[in-house]
Amino acid sequence: MAAAPIESLRPDTPLQPLYIIHGEEDLLRIEALDTLRAAAKKQGYLNREVYTAENNFDWNELLQSAGSAGLFADLKLLEIHIPNGKPGKNGGDALQTFAERLPEDTVTLILLPKLEKAQIQSKWFSALAGKGIVLEAKAVAPHALPQWIQGRLKQQGLDIEPEALALFAERVEGNLLAARQEIEKLALLHPQGHLINIADAEAAVATVARFDVFQLAGAWMKGDALRVSRLLDGLEEEGEEPVLLLWAVAEDIRTLIRLTAALKQGQNIQGLRNSLRLWGDKQTLAPMAAKRISINRLLDALKTCAKIDRIIKGAEEGDAWTEFKQLVTSLAA
C-alpha cells in the first residue's frame, strides 16, 4: 500500500488493515489517531487492544495476540505504540513477522515519533510500509503556518484578514496545539461567515500570550522569575489543573538532563534538535537553561515532580499548586 496525506483522513474513511503513523508534529499525529479511532468505532471495530513497546516489552505476547485474533468474531482495533521509534532487534524481527501475517478482522495502528533516515530504511519499517498506509505528520514550516491557520479557520466557517492572520501566526510561534485551541475559541465567539479582523485576533491571542501553558517553559528556561510568577498566578486563576503543567515541566526537565549529557559528550545543538525536540525558541532557551541549572538541581526537580504527582493522585498530603509554584519558581531562579 502507498503513503497517504494525513489531511485526507476522515471518520468515514474505509479502513485498511494497517496504518503506520509517524512524524514530528504531535498535534497531527494525535488527530490522525483520533480520526482512525472514530472511524473504527463507526465501522464496528469495538474491541480495542493497546500495547506500548517500552523497555523489556514482550514482543511474543503481541504476536500471540495477533495470531489468535482470527478465532474471535469481534472486529478488533489493535494499537502498537513505540514511543522512541526504536523497537530493537527483537522488536524489528517481530514487526517483520507481524507484517507478513496481518491479523484477520483487525485494523492495526502503529504509532511512532519522528523517525531518522536509518529507521525509515530499516527492514521492519519497510516491511510495515509495504503492507500498510504510511501517514507522516510533518512539521508545518513557518512560511506555511498562515495558510494552515487560514485552512483551519475555514473548517470552522470563519475567514481572516491578512493583517490579523500575520499577527495570529506570529503569536502562536509554530505551536499547532496552541493555534488549534485559539481557533476553536474564535469559533465559539463568532458566528459562521465572520471575518476575523485585527481586533478579534488581538483579543484571542492576548490570553494565549499571557497565560498559555506553553509560554511557561520559555519563561522558566530563560530565568524570568517575574514572568513565571505572573504566568502561574494567571493559570491558577483561569482554573488550569496542574496535571498538564506538571507533565510539561517534567518532560522539559528530562530534556535538559539529556541535553546536558549530550553536550558533555561533545555533541552540538543542531545535531540534537530533532532527537530532543528542540523546536522554536527551545533551540535557544534549552541550552541556556542547561548551562544555568546544574544536573543535581534538575534531578532534584524530577523528584519534586514525582512528589507533586503523588499529591495530585491523593497518595501524599499537600497542596499541588503551592508545591508546583515553588518548583517552577526555583527553576527560574
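- Checked by atom type and distance alone, the side chain of Thr255 pairs as donor or acceptor with a backbone atom of Glu251 at under 3.5 Å.
- Judged as a ring-ring contact (aromatic ring centres under 6.0 Å, His included), the pairs with a partner in residues 174-197 (not counting sequence neighbours) are, in order, His190-His194.
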Where do Ile80 and Leu109 land on the side chain to side chain contact (heavy atoms under 4.5 Å, CB included) test, with the steps shown first? CA-CA 6 Å; Ile80 305 171; Leu109 312 180; over 6 Å; no
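- Proximity of Phe125 to Ile20: side-chain heavy atoms (C-beta onward) are separated by under 4.5 Å at one or more points.
- Cluster membership check: Leu27 shares its hydrophobic cluster with Leu33, using side-chain heavy-atom separations under 4.5 Å among Ile, Leu, Val, Met, Phe, Trp and Tyr.
- Val140 and Ile183 fall within the same hydrophobic cluster, where Ile, Leu, Val, Met, Phe, Trp and Tyr residues are linked whenever their side-chain heavy atoms come under 4.5 Å apart, directly or through other members.
- For Thr329, the side chain to side chain donor-acceptor pair (under 3.5 Å) criterion is met by no residue, not counting sequence neighbours.
- Under the rule for a salt bridge (charged side-chain N to carboxylate O under 4.0 Å, His left out), Lys291 has no partner lying at least two apart in sequence or in another chain.
- With hydrogens and angles ignored, the 3.5 Å screen pairs a side-chain donor or acceptor of Ser330 with a backbone N or O of Leu327.
- Contact record, Ala99 with Ala127: CB-O, 3.6 Å, taken as the closest heavy-atom pair.
- The closest donor-acceptor contact from the side chain of Asp93 to the backbone of Asn90 lies at 3.5 Å or more, if one exists at all.
- The CG atom of Leu245 sits 7.5 Å away from atom CG of Leu232, with the distance rounded to the nearest 0.5 Å.
- Side-chain contact between Asp74 and Tyr45: absent, with no pair of heavy atoms (C-beta onward) separated by less than 4.5 Å.
- Across Ala129 and Val134, no two heavy atoms sit closer than the pair CB-CG2, 3.7 Å.
- Between Glu161 and Leu195, the closest side-chain pair of non-hydrogen atoms falls below 4.5 Å.
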Kindly indicate, with the supporting measurements, whether the criterion side chain to side chain contact (heavy atoms under 4.5 Å, CB included) is fulfilled by Trp220 and Arg227. CA-CA 8 Å; Trp220 72 257; Arg227 179 160 171 74; over 6 Å; no
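- Of the possible polar contacts, one joining the Ser122 side chain to the Gln119 backbone as a donor-acceptor pair under 3.5 Å is found.
- Between the side chains of Thr304 and Glu323, no donor-acceptor pair is found at a separation under 3.5 Å.
- Remark: Trp321 pairs with no residue by the side chain to side chain donor-acceptor pair (under 3.5 Å) rule, at least two apart or across chains.
- Residues passing the side chain to side chain contact (heavy atoms under 4.5 Å, CB included) test with Pro142, sequence neighbours excluded: none.
- Atom CD of Glu100 and atom CG of Leu128 lie 10.5 Å apart (nearest 0.5 Å).
- Side-chain contact between Val328 and Val249: present, with at least one pair of heavy atoms (C-beta onward) separated by less than 4.5 Å.
- Connection of Leu176 to Leu135 is established within a shared hydrophobic cluster, with ILVMFWY side chains joined at heavy-atom distances below 4.5 Å, either directly or through further cluster members.
- Under 4.0 Å is where a charged nitrogen must lie from a carboxylate oxygen, and between Glu31 and Arg152 at least one such pair does.
- Considering only heavy atoms from C-beta on, Asp252 comes within 4.5 Å of Met221 through its side chain.
- Not one N or O on the side chain of Lys76 forms a donor-acceptor pair closer than 3.5 Å with the backbone of Asn47.
- The pair Asp300-Arg297 fails the salt-bridge criterion, with no side-chain N (NZ, NE, NH1 or NH2) lying under 4.0 Å from an Asp/Glu carboxylate O.
- Under the rule for a salt bridge (charged side-chain N to carboxylate O under 4.0 Å, His left out), Glu163 has no partner lying at least two apart in sequence or in another chain.
- Side-chain contact check for Ile110 versus Tyr19: every heavy-atom pair is 4.5 Å or farther apart.
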Where do Glu25 and Lys114 land on the salt bridge (charged side-chain N to carboxylate O under 4.0 Å, His left out) test, with the steps shown first? CA-CA 8 Å; Glu25 184 46 67; Lys114 175 179 171 57; over 6 Å; no
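- Take Phe98 and apply the ring-ring contact (aromatic ring centres under 6.0 Å, His included) test, not counting sequence neighbours, and it matches no residue.
- Annotation: side chain of Ile82 is in contact with side chain of Leu95 (closest heavy-atom distance under 4.5 Å).
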Residue pair Arg29, Asp26: steps toward the salt bridge (charged side-chain N to carboxylate O under 4.0 Å, His left out) verdict: CA-CA 5 Å; Arg29 284 194 287 118; Asp26 291 339; 2.4 Å; yes
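- The number of heavy atoms from other shown groups lying within 6.0 Å of CD (Gln147) does not exceed 12.
- Residue Arg101 places its CZ atom among 12 or fewer non-hydrogen atoms of other residues, nucleotides or ligands, all under 6.0 Å distant.
- Here NZ of Lys86 is found 10.0 Å from CG of Leu115. Values are rounded to the nearest 0.5 Å.
- Considering every non-hydrogen atom in both Val228 and Ala332, the closest pair reads CG2-CB, 3.9 Å.
- Leu299 and Ile293 fall within the same hydrophobic cluster, where Ile, Leu, Val, Met, Phe, Trp and Tyr residues are linked whenever their side-chain heavy atoms come under 4.5 Å apart, directly or through other members.
- Atom-to-atom distance recorded for Thr35:OG1 and Leu28:CG is 10.5 Å, nearest 0.5 angstrom.
- Across all non-hydrogen atoms, the minimal contact from Ile196 to Ala164 is O-CB, 3.8 Å.
- Contact detail for Leu102 and Pro17: the closest heavy-atom pair is CD1-CB, 4.2 Å.
- A continuous path of ILVMFWY side-chain contacts below 4.5 Å connects Ile253 to Leu263, so both sit in one hydrophobic cluster.
- Between Val107 and Leu78 the shortest side-chain heavy-atom distance does not fall below 4.5 Å.
- Not counting sequence neighbours, Arg292 has no partner by the side chain to side chain donor-acceptor pair (under 3.5 Å) test.
- Listed by chain and number, the residues in a ring-ring contact (aromatic ring centres under 6.0 Å, His included) with Phe57 are Trp59 (sequence neighbours excluded).
- Heavy-atom contacts from other residues, nucleotides or ligands closer than 6.0 Å to NZ of Lys325 number more than 12.
- In terms of the side chain to side chain contact (heavy atoms under 4.5 Å, CB included) criterion, residue partners of Thr260 (sequence neighbours excluded) are, by chain and number, Lys264, Ala290, Ile295, Leu298.
- The structure places CD1 of Ile160 at 8.5 Å from CG of Asp200, a figure rounded to the nearest 0.5 Å.
- For Glu79, the salt bridge (charged side-chain N to carboxylate O under 4.0 Å, His left out) partners at least two apart in sequence or on another chain are Arg37, Arg48.
- In plain terms, the two heavy atoms of Ile308 and Ala320 that are nearest each other are CG2-O, 4.1 Å.
- In this structure, the separation between OG on Ser294 and CG on Leu256 is 11.5 Å, given to the nearest 0.5 Å.
- In summary, Lys138 and Glu24 do not engage in a salt bridge, as defined by a charged side-chain N under 4.0 Å from a carboxylate O.
- In this structure Asn84 satisfies the side chain to side chain donor-acceptor pair (under 3.5 Å) test with no other residue, sequence neighbours excluded.
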